[in-house]
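For the numbers below, each heavy atom of this structure counts, side chains included, while hydrogens, waters and symmetry mates do not.
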Amino acid sequence: MTRPLQQPLGVILAGGLATRMGGGDKGLLEIGGAPLLQRVIDRIEPQVGGLALNANGDAARFARYGLPVLPDTIPGFPGPLAGVLAGLDWAAEQGADSIVTVAADTPFFPCDLVPRLLLAAEDCPHLLALACTPRSGDEALKSGGGKKINRHPTFGLWPVSLRNHLRGALEEGLRKVVLWTDQHGAGEALFPAEPFDPFFNVNTPEDLARAEALAS
């Protein structure tokens, strides 16, 4: 694996359709008096060398944040990998060799996410790693095959060098993140899930109420 030449750039993934919240931008929902997106920015910005937002539609709705807004380049809302690709293309223009992605609806992710992802990628063939947490007994396995972990595919370290391979895979119909990361020997950065999963995200009104309680 080639070590990064500089601090990774950060990309916040906000390109989803938020169907379980009735549509709209989940990142603009507020908890504790602040939008989820602002909380995400505050956590990731100190960890990266620059920051952009992957979102589709009118970029003006995010103008208050002063970030570059990167739309998907693959049509049809193909999922988070399209946002990763948009981020990698942007990073290539900046002369960067890697990005770290986070989700706009996940306000409590670890403040040491980036260094832990870099460490997890050290012995891997590429600068590629996903965040994961131990699987608890009452929790459905989100991804990870037979492993006793949950991988969090929107929280990862991604190398610019693989962007054209990712583009080709998306154009051929690939949508599942871990199928692609497994092909390239991604590392896994394990984070504790107690007292709660730091990758808890807001998908429903009930999740928003839980996030409000956690924020307070």
To the nearest 0.5 Å, what is the distance between [atom1] on [X] and [atom2] on [Y]?
| X | Y | atom1 | atom2 | result |
| --- | --- | --- | --- | --- |
| Leu118 | Gln7 | CG | CD | 9.0 Å |
| Leu67 | Leu53 | CG | CG | 6.5 Å |
| Leu29 | Glu212 | CG | CD | 11.0 Å |
| Leu70 | Glu93 | CG | CD | 8.5 Å |
| Gln94 | Asp89 | CD | CG | 11.5 Å |
| Leu85 | His165 | CG | NE2 | 12.5 Å |

Side chains of His126 and Ser161: is there a donor and an acceptor less than 3.5 Å apart?
no

Could you tell me whether the side chains of Lys26 and Asn201 share a donor-acceptor contact shorter than 3.5 Å?
no

Ignoring hydrogens, what is the shortest heavy-atom contact between [X] and [Y]? Give both atom names and the distance.
| X | Y | result |
| --- | --- | --- |
| Ala169 | Trp180 | CB-CD1, 3.9 Å |
| Pro35 | Gly27 | CB-O, 3.7 Å |
| Cys124 | Ala186 | SG-C, 4.0 Å |
| Arg43 | Cys111 | NH1-SG, 3.5 Å |
| Ala121 | Leu157 | CB-CD2, 3.8 Å |
| Thr133 | Pro192 | CG2-O, 4.2 Å |

Are any of the side-chain heavy atoms of [X] and [Y] separated by less than 4.5 Å?
| X | Y | value |
| --- | --- | --- |
| Leu37 | Phe62 | yes |
| Arg39 | Ile41 | no |
| Leu9 | Val48 | no |
| Arg175 | Leu170 | yes |
| Arg61 | Asp25 | yes |
| Leu36 | Ile31 | yes |
| Gln47 | Pro115 | yes |
| Val11 | Trp158 | no |

Salt bridge Asp197-Arg135, side-chain N to carboxylate O under 4.0 Å
no

Donor-acceptor under 3.5 Å (Thr204 side chain, Asp207 main chain):
yes

Could you check whether any side-chain N or O of Glu188 sits under 3.5 Å from a backbone N or O of Cys132, counting only pairs where one atom can act as donor and the other as acceptor?
no

Option passing side-chain contact (heavy atoms from CB on, under 4.5 Å) with Thr181 (candidates Leu128, Leu81, Leu162)
Leu128

For a side-chain contact (heavy atoms from CB on, under 4.5 Å) with Pro8, tell me which candidate from Thr101, Val114, Leu127 qualifies.
Val114

Do you know which of Phe196, Phe155, Phe191 makes ring pair (Phe, Tyr, Trp, His ring centres under 6.0 Å) with Phe108?
Phe196

Stepwise, does the side-chain contact (heavy atoms from CB on, under 4.5 Å) test hold for Arg151 with Asp182?
CA-CA 11 Å; Arg151 288 182 286 187; Asp182 283 351; 2.8 Å; yes

As a quick check of understanding, evaluate side chain to side chain donor-acceptor pair (under 3.5 Å) for Asn54 and Asp72, giving each step before the final call.
CA-CA 7 Å; Asn54 161 241; Asp72 292 348; 3.0 Å; yes

